[in-house]
Number of protein chains: 2
Amino acid sequence: MMTTGGGLREASRRAVRSCIAETAEALFIARGFEETTVDEIAAAVGMSQRSFFRYFASKDDVILDNLSRFGADLAAAVGARPAEEPEWDSLHRAFGLVVERFADRERREHEAAVQRIIEGSPRLLAAYLQRLDRIQQHLTEELMGRAAAGPGPAPDRMVMRAMVGSAFACLHAAVSHIAADGDPERFEQHLERAMAALRPAGIGLASSEPS
Amino acid sequence: MMTTGGGLREASRRAVRSCIAETAEALFIARGFEETTVDEIAAAVGMSQRSFFRYFASKDDVILDNLSRFGADLAAAVGARPAEEPEWDSLHRAFGLVVERFADRERREHEAAVQRIIEGSPRLLAAYLQRLDRIQQHLTEELMGRAAAGPGPAPDRMVMRAMVGSAFACLHAAVSHIAADGDPERFEQHLERAMAALRPAGIGLASSEPS
DNA sequence: TCCGGTCCGTCAGCGACTGCCAGTCTTTTG
DNA sequence: CAAAAGACTGGCAGTCGCTGACGGACCGGA
């Protein structure tokens with residue numbers, strides 16, 4: 001029999017996942033990431049270590065799982081922007097998803113704590129940056145497709161990739177800043193300031209590669 | 001007894017390190033990174049696994065060791081630039097170190113192969129991005145100190161961090177591009193094109209944070 | 001000669017992660 | 001209702017990266 005389309009089974013799985021994630025994050029905040037073993041997490045949830053790895057591919061995955069979903073949402077947000085809009089502004093608007101995440105005071109506190117955990121562990125930070133890199137690749141392809149459909153000359157994939165990376169540098173700088181120095185109230189202002197300062201001059205940025 | 005200031009002992013150590021690195025890279029190219037175990041590397045060099053870890057802190061370190069030295073060189077190159085020069089241009093000139101690395105045909109081939117190994121393994125790519133992040137932090141501090149000594153207003157660390165990240169996005173895009181599509185001849189042109197397109201409009205970028 | 005330091009190999013161990021097998025519980029089917 | 005099929009789980013053993021502790025070999029100087 002085929003799957004029923006993601007019914008009860010999938011819902012249950014998602015519930016278990018979030019339960020594991022919450023328990024693990026609590027342990028991470030209390031004892032630190034490296035100091036918390038997978039066995040401890042599994043014991044705290046009440047399952048075997050083997051089952052833990054049936055829900056999360058790795059220990060890092062428990063924290064960075066949200067990021068993957070964020071990547072998909074971001075690509076959708078960029079795709080929803082008008083095609084005539086300069087790419088930089090589309091990215092800027094799409095980053096509004098992050099701003100929304102920092103809207104609630106409670107959620108803001110939590111996100112900042114998670115970010116501090118990530119930047120406090122070299123292993124986690126590495127995995128985090130790698131996922132950001134993947135998201136950037138997806139966004140680059142998204143914008144490449146959009147630019148190719150437009151009237152201008154053929155877009156330059158390398159320059160597009162650099163621009164997406166530049167926008168993410170602004171995002172990363174703003175997130176890191178509020179995670180380190182506290183005061184997460186003005187996250188939007190920080191992001192705004194960085195993206196205004198680094199806005200590329202030639203916003204059209206076409207000029208196909210001289211082959 | 002104190003160290004003699006880095007004499008024969010250090011030279012020998014460096015020789016062993018490069019021997020290990022060469023052997024390991026050959027194995028990585030032949031069999032892949034994940035498929036090559038530390039035991040195999042140690043056996044190929046003719047030493048125990050324990051001794052391997054006395055020369056390299058981790059398996060990743062074998063490949064990414066050059067990167068750390070590159071970070072130090074880069075900071076020095078930026079520090080050697082005139083203080084009045086816009087930060088973006090100082091970074092651009094400092095990236096000349098990478099351009100030089102791609103000058104020799106043989107070396108260029110090798111660097112591209114290493115880059116392909118890095119980007120082919122998620123684990124390695126993560127560690128690579130993390131080291132790039134550290135280098136960016138160092139460069140940010142370097143440029144912050146330079147800007148603080150100048151006549152202008154107090155510089156904004158977050159914006160400075162974003163700008164350094166943007167410059168590295170250009171560098172990363174150019175390096176990735178030649179590693180993927182081959183044709184490493186025009187690396188300098190690629191880098192030039194990206195950095196010209198993403199050059200910030202307000203190059204002075206002071207405007208201290210509104211506290 | 002003895003002594004200090006340095007280098008190395010061996011062993012034991014931890015933690016992340018995986019494959020395999022067996023058991024349970026639920027759902028479907030004859 | 002019983003049997004088969006499937007999903008989920010725990011336990012076990014094993015790999016791999018990595019670390020600490022111990023003991024032996026070499027080598028310079030006193």
Side-chain angles (χ1 to χ4, degrees), chain A residues 1-21 23-24 27-28 31-65 117 121-128 130, chain B residues 1-21 23-24 27-28 31-65 117 121-128 130:
Chain A
M1 171 182 140
M2 295 286 292
T3 60
T4 56
L8 274 72
R9 278 281 143 66
E10 286 301 320
S12 167
R13 179 178 172 82
R14 246 176 299 162
V16 176
R17 277 177 67 96
S18 59
C19 171
I20 296 175
T23 308
L27 287 174
F28 291 156
R31 278 183 255 179
F33 180 77
E34 317 271 8
E35 289 72 22
T36 306
T37 68
V38 176
D39 290 277
E40 288 170 349
I41 301 171
V45 184
M47 58 169 49
S48 69
Q49 191 214 47
R50 194 64 187 85
S51 284
F52 170 89
F53 283 109
R54 286 194 176 99
Y55 285 96
F56 289 96
S58 68
K59 189 179 160 187
D60 308 343
D61 228 37
V62 181
I63 289 193
L64 301 179
D65 182 49
I117 293 176
S121 160
R123 181 155 158 46
L124 252 187
L125 178 59
Y128 169 75
Q130 189 225 350
Chain B
M1 169 180 131
M2 295 286 293
T3 61
T4 56
L8 274 73
R9 280 282 141 67
E10 285 302 320
S12 166
R13 179 178 172 82
R14 247 175 299 163
V16 175
R17 278 177 67 94
S18 59
C19 172
I20 296 176
T23 308
L27 286 176
F28 290 156
R31 277 183 255 179
F33 180 76
E34 316 272 8
E35 290 72 21
T36 306
T37 68
V38 177
D39 289 279
E40 287 171 349
I41 301 172
V45 184
M47 59 169 49
S48 70
Q49 191 214 50
R50 193 63 186 85
S51 283
F52 170 88
F53 283 110
R54 286 193 176 101
Y55 285 96
F56 290 96
S58 69
K59 188 179 161 187
D60 307 343
D61 228 37
V62 181
I63 289 193
L64 302 179
D65 180 51
I117 293 177
S121 160
R123 182 157 158 44
L124 251 187
L125 178 60
Y128 169 75
Q130 188 224 352

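Quick caveat: nothing in here was measured; it's all calculated off a predicted structure. Numbers restart at 1 for each chain; the letters A, B, ... are given by sequence-line order, proteins then strands.
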Those residues at least two apart in sequence (or on a different chain) that pass side-chain contact (heavy atoms from CB on, under 4.5 Å) with B:Glu34 are B:Ser121, B:Pro122, B:Arg123

Under 4.0 Å from OP1 or OP2 of D:dT9: is there any side-chain N or O of A:Tyr55 that close?
yes

Figure out the CE/P separation between B:Met47 and C:dG9, and round it to whole Å.
6 Å

Pairing string of DNA chain C (Watson-Crick or G-U wobble, both atom distances under 3.5 Å; | = paired to other strand) is ||..||||||||||||||||||||||||||

Sugar-phosphate means primed atoms, P, OP1 and OP2; the rest is base. With that split, encode nucleotides 14-26 of chain C 5' to 3' as B, S or - using protein heavy atoms under 4.0 Å.
--SBBBB------

Using side-chain contact (heavy atoms from CB on, under 4.5 Å) as the criterion, list what pairs up with B:Ala44, not counting sequence neighbours.
B:Thr23, B:Leu27

Could you list all the salt bridge (Lys or Arg N to Asp or Glu O under 4.0 Å) pairs where at least one residue sits in residues 37-47 of chain B, not counting sequence neighbours?
B:Arg31-B:Glu40

Side chain to side chain, B:Tyr128 and B:Ile63, heavy atoms closer than 4.5 Å:
no

Do any side-chain nitrogens or oxygens of B:Ser48 fall under 4.0 Å of OP1 or OP2 in C:dC8?
no

Please list all pairs meeting salt bridge (Lys or Arg N to Asp or Glu O under 4.0 Å) that have one or both residues in residues 48-58 of chain A, counting only residues at least two apart or in different chains.
none

Cation-pi check, B:Lys59 onto B:Phe28 ring (under 6.0 Å, within 45° of axis)
no

For B:Phe53, all residues meeting ring pair (Phe, Tyr, Trp, His ring centres under 6.0 Å), sequence neighbours excluded
none

Contacts of B:Arg17 meeting side-chain contact (heavy atoms from CB on, under 4.5 Å) (sequence neighbours excluded), chain-then-number -> B:Arg13, B:Tyr55, B:Phe56, B:Asp65

